[in-house]
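A short write-up of the structure that comes next.
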Protein chains: 2
Amino acid sequence: MPKKIITMDDVARLANVSKPTVSRALGGHPNVKPKTREKVLAVAREHGYSVNRNAKKLREKYTNTIAVILDFSSHRKHRITDPFIFELLAGVSEALSIRNQDLLLSPPTLSDANSYKELINSRVVDGFIFLGQGSNDAMFRELAKQGVPFVVWGGNSGDANYCTVGSDNFLGGYLAGERFVQHQKRNILFVGNTEHTELRLRREGLEKALATADYEYRLDEVQGHDFSFNAHYQSMMELLSKQDAPDAIFAYSDTAAMAIINALNEHGLEPIKNYLLVGYNDIAQASHFSPRLTTIRQDTFLAGALLVEKFMAVLNDNAPISSTIPTDLIVRST
Amino acid sequence: MPKKIITMDDVARLANVSKPTVSRALGGHPNVKPKTREKVLAVAREHGYSVNRNAKKLREKYTNTIAVILDFSSHRKHRITDPFIFELLAGVSEALSIRNQDLLLSPPTLSDANSYKELINSRVVDGFIFLGQGSNDAMFRELAKQGVPFVVWGGNSGDANYCTVGSDNFLGGYLAGERFVQHQKRNILFVGNTEHTELRLRREGLEKALATADYEYRLDEVQGHDFSFNAHYQSMMELLSKQDAPDAIFAYSDTAAMAIINALNEHGLEPIKNYLLVGYNDIAQASHFSPRLTTIRQDTFLAGALLVEKFMAVLNDNAPISSTIPTDLIVRST
DNA sequence: TTGTACGCGTTATCAT
DNA sequence: ATGATAACGCGTACAA
């Protein structure tokens, strides 16, 4: 049990070689005699040597560390409600570890373009993976203009100068709308803040599908004040006190969907019987909620892999194109 | 927009001082003339200078980075189900950022004592916060023996040589049992793997409370094969095919509780009417599930703060004592 | 194939 | 209050 920390110099001395030889042996450099390499590796293992990664980072171009930014502003304090973002985080974590990249989880306080630049300048991370786009499109454009390497989980407005990976939001919206039209729904409610690029795309898809209806219909919108469960519950209750209950609802997340169902329950309204509801994300809980949620599915592990792949491309100055992952409607009991 | 990266040397030259003076000015060292400090800070700000944290880490004792280890073995691949661990993560993240500590999210592959030592030796992190104890008690003891700094979210068996922060598991179990006794329940089911220290403690608390009953009762146990929703659902269905339905259930998590309720539903059994159920954690979804879950609450932000506080104490060679956070029974509709 | 010499950017020691 | 110098541990020209 060596308490003393071993350096490369120590290993060199113990193996009767020079320091650079140790470096080469450990780094898998071709020009080193097999016998020498074995010797070095043996000594290193025996003494529990590992390279000082800070020294390494100081010397090399990349830190092999990537910051992942959760949208903590919508998951604040005691209002953390949507498990989807964490499923995404798990996907990214797995994908990064496959590429031997460290994952620095962003401090919740990080928010503006400058603090991100600062993290790059201080050589803590090579770049960023933003999980959630929110209404930060402008900041992302600025960041991209400044050459900060990053990718975003979110929607692609088409003319963005940065790379996104996301659900096919337009298609997701379309699929929901298609279902509504098939069931001849006429009083449709869209729940979500269309300032978020993703949600705007979904609404556009929804409208496109609804336009195929050969009957009259009405489309309303509720924004929800934030991402918390209670906020949705309340705006739903408000709406119901003002107008007729919708017979079809497209919610921007499964979490929101659950809140909405509870609110409608209290008004004696039941899914299928009184209304159709489509959620989004197919979080683990969606299939076990009661009623089982009809929703739009996304593969979060594929998402993670794609995000990391694109990020690496950005880092290497290729300009990868944004892309979407398969997006399917999962019909259950709503 | 300086594309070139500025070093401390550059700042020194531009401010007409020496490098150490810049270091002192930036580091808030007392022995530096206010005028000089201002000058240095101005130059630094103007040129967008930030210290190279790798160089700093190379030179200093601490990296100010802490690895957080999620129990990925129970949240694997597509089976991630329990949001509680992520609520805890958010709590820890917040607490760390308050202390200006970086959070390295552990690669899912990390598992044995050696890989943790390696992370310390390579000076990537100062230590670990383990979110989840699982059945790794032996490994934790070994790690502590080797002097690796860490704390664990989990249960304290009493004779552990490492520091834990956790729910008051015994009390949690006791509160559940108390409720069952009050309602004269006789056919009690404990769901959870008692190889996990936390769950063993809960079961002991449960038994203690049940022992106060002045009537005959029976206590069964189901382990659940893993932490996934489906596994719980299935073991529940199995149990029901073999014996009488329980009239009181204590589940080790809210997620498990939801699965169990669904299984019982399919057998036509309703909470309150046919059985009482107490979950654990009071995750955000618990109060919005239908039926609203009766459960044991824990404050995850307090938990995060406490974990970080204790970790810092461990790092400074104080041996902090393990502690528990307030643990309450929240009675809802089960 | 291996070794020598140097630089990466910072902080600490010591002298002034 | 400030500056000169060394040291942290590694990788890489370049020389041998």
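The sequence lines fix the lettering, A, B, ..., with proteins before strands; numbering per chain opens at 1.
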- Per-nucleotide protein contact along nucleotides 11-16 of chain C, 5' to 3', at a 4.0 Å heavy-atom cut-off (B base, S sugar-phosphate only, - neither), is BB----
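- For B/Y116 and B/F130, the ring centers are positioned less than 6.0 Å apart.
- Under 4.0 angstrom from either OP1 or OP2 of D/dC10 there lies no side-chain N or O belonging to A/N52.
- Of the candidates A/N136, A/D159, A/N161, A/R141 forms a side-chain hydrogen bond (donor to acceptor under 3.5 Å, both in side chains) with just one, namely A/D159.
- The side-chain heavy atoms of B/D10 and B/R13, taken from C-beta on, include a pair separated by under 4.5 Å.
- We find that CG of B/N31 is positioned 13 Å from P of D/dG3, with the value rounded to whole Å.
- Within the 4.5 Å cutoff, the side chain of B/R24 has no heavy atoms near those of the B/T36 side chain.
- Checked options A/F128, A/W153, A/F140; the residue passing with A/Y162 is A/F140 (criterion: ring pair (Phe, Tyr, Trp, His ring centres under 6.0 Å)).
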- Stepwise side chain to side chain contact (heavy atoms under 4.5 Å, CB included) test for A/R99 and A/E309: CA-CA 9 Å; A/R99 303 204 182 218; A/E309 186 185 316; 3.7 Å; yes
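- The shortest side-chain heavy-atom distance between A/K57 and A/T65 falls under the 4.5 Å cut-off.
- Following rounding to the nearest Å, A/N16 (CG) and C/dT2 (P) show an atom-to-atom distance of 13 Å.
- A straight line from NZ of B/K61 to C1' of D/dA7 spans 18 Å, rounded to a whole angstrom.
- Rounded to a whole Å, the CD atom of B/E38 is 16 Å from the C1' atom of D/dA1.
- Side-chain proximity of A/T21 to the nucleotides C/dT2, D/dC10, C/dT10 is greatest for C/dT2.
- Atom CG in B/D9 sits about 10 Å away from atom C1' in C/dT10, given to the nearest Å.
- The NE2-C1' distance, from A/H29 to D/dC10, rounds to 15 Å in whole Å.
- OP1 and OP2 of D/dG9 both lie 4.0 Å or more from every side-chain N or O belonging to A/T7.
- For A/I6 and D/dC8, the CD1 to C1' distance is 16 Å, given to the nearest whole Å.
- One atom, CG of B/D10, and another, C1' of C/dT10, lie 13 Å apart when rounded to the nearest Å.
- Mapping A/L58 and B/T36 onto DNA chain D via the closest heavy atom, the residue that lands nearer the 5' end is B/T36.
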